[in-house]
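Have a look at the structure below, then the notes.
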Amino acid sequence: YSRNPQKLIYVPETADSLTILDGTTGIAMCAVESCNQITTYTGIPESVTYIGERAFYGSGLQNIVLPENITGIGTYAFASMPHLESVVLPEGMEVIPNNLFGGDIALRSVTIPSTVTRISSEAFWNCRSLCGIVIPASVKEIYNNVFHYTDPNGEFKDTPMVATINGTWKASELKER
């Protein structure tokens, strides 16, 4: 933690557990990066409002539920996490940043709230285990290569721009930027 215990700034790579204290408001850039031995994790408290770029990059967490108070998440914040299987994004989130989950090869499930309006480039790049994803009607912009190299059971085969919109497979309605 910083001198002010409201910001988590560094967790040693050898850590096998992670407890983010209640009252923490921010998780700094690269704070939990490469902590791939974490087996005990208490979750992200409701007090956290910001998660920095690459904050959890390469860490060993399996499941993440983000608190509804989150107002900002940096690029690559949850990328290259080899054991991450499921994520619940918070209501109120409007933009899924670039490469947020890029390279999360075990990621199977992501819950996207109805407040998201944009999914940025390569957000789900190389998420090979993704079984399908429901994109709410609120999403108006989907940027380049969002699902590039994502090929779960052939569902996204030969196109980086196939997703479920309100329960129906509709690649034609998605427009790349």
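Note that the structure is predicted; figures quoted are calculated from it, not measured.
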For Phe101, the option from Leu84, Ile64, Leu130 that meets side chain to side chain contact (heavy atoms under 4.5 Å, CB included): Leu84
Backbone of Val116 reached by a side-chain donor or acceptor of Ser138 within 3.5 Å: yes
Test item: Ser121 side-chain N/O and Tyr143 main-chain N/O as donor-acceptor pair under 3.5 Å: no
Candidates Asp16, Leu61, Thr14 - the one meeting side chain to side chain contact (heavy atoms under 4.5 Å, CB included) with Ile38: Leu61
Residue that, paired with Ile44, satisfies side chain to side chain contact (heavy atoms under 4.5 Å, CB included) out of Asn69, Ile51, Leu18, Thr24: Ile51
Trace of the side-chain contact (heavy atoms from CB on, under 4.5 Å) decision for Val88 with Leu66: CA-CA 6 Å; Val88 176; Leu66 295 173; over 6 Å; no
Cluster link Phe124 to Ile105, ILVMFWY, side chain under 4.5 Å: no
Thr115 side chain to Gly92 backbone, donor-acceptor under 3.5 Å: yes
Check: Leu107 main-chain N/O paired with Asp104 side-chain donor or acceptor under 3.5 Å: no
Ring geometry between Tyr57 and Tyr76 (parallel below 30°, tilted from 30 to 60°, perpendicular above 60°): tilted
hydrophobic_cluster_shared for Met29 and Phe78, side chain cutoff 4.5 Å: no
Ser47 side chain to Gly23 backbone, donor-acceptor under 3.5 Å: yes
Any donor-acceptor pair under 3.5 Å from Asn36 side chain to Ser59 backbone: no
Stepwise side-chain contact (heavy atoms from CB on, under 4.5 Å) test for Val139 and Thr117: CA-CA 4 Å; Val139 174; Thr117 60; over 6 Å; no
Nearest heavy-atom neighbours spanning Met93 and Ile73: CE-CD1, 3.7 Å
Test log, rule side-chain contact (heavy atoms from CB on, under 4.5 Å), inputs Glu33 and Phe56: CA-CA 5 Å; Glu33 183 173 13; Phe56 290 89; over 6 Å; no
Same cluster (ILVMFWY, side-chain, under 4.5 Å), Val95 and Leu100: no
Point-to-point distance, once rounded to the nearest 0.5 Å, from CD of Glu91 to OG of Ser114: 4.0 Å
Between Ser86 and Asn63: side-chain donor-acceptor atoms closer than 3.5 Å: yes
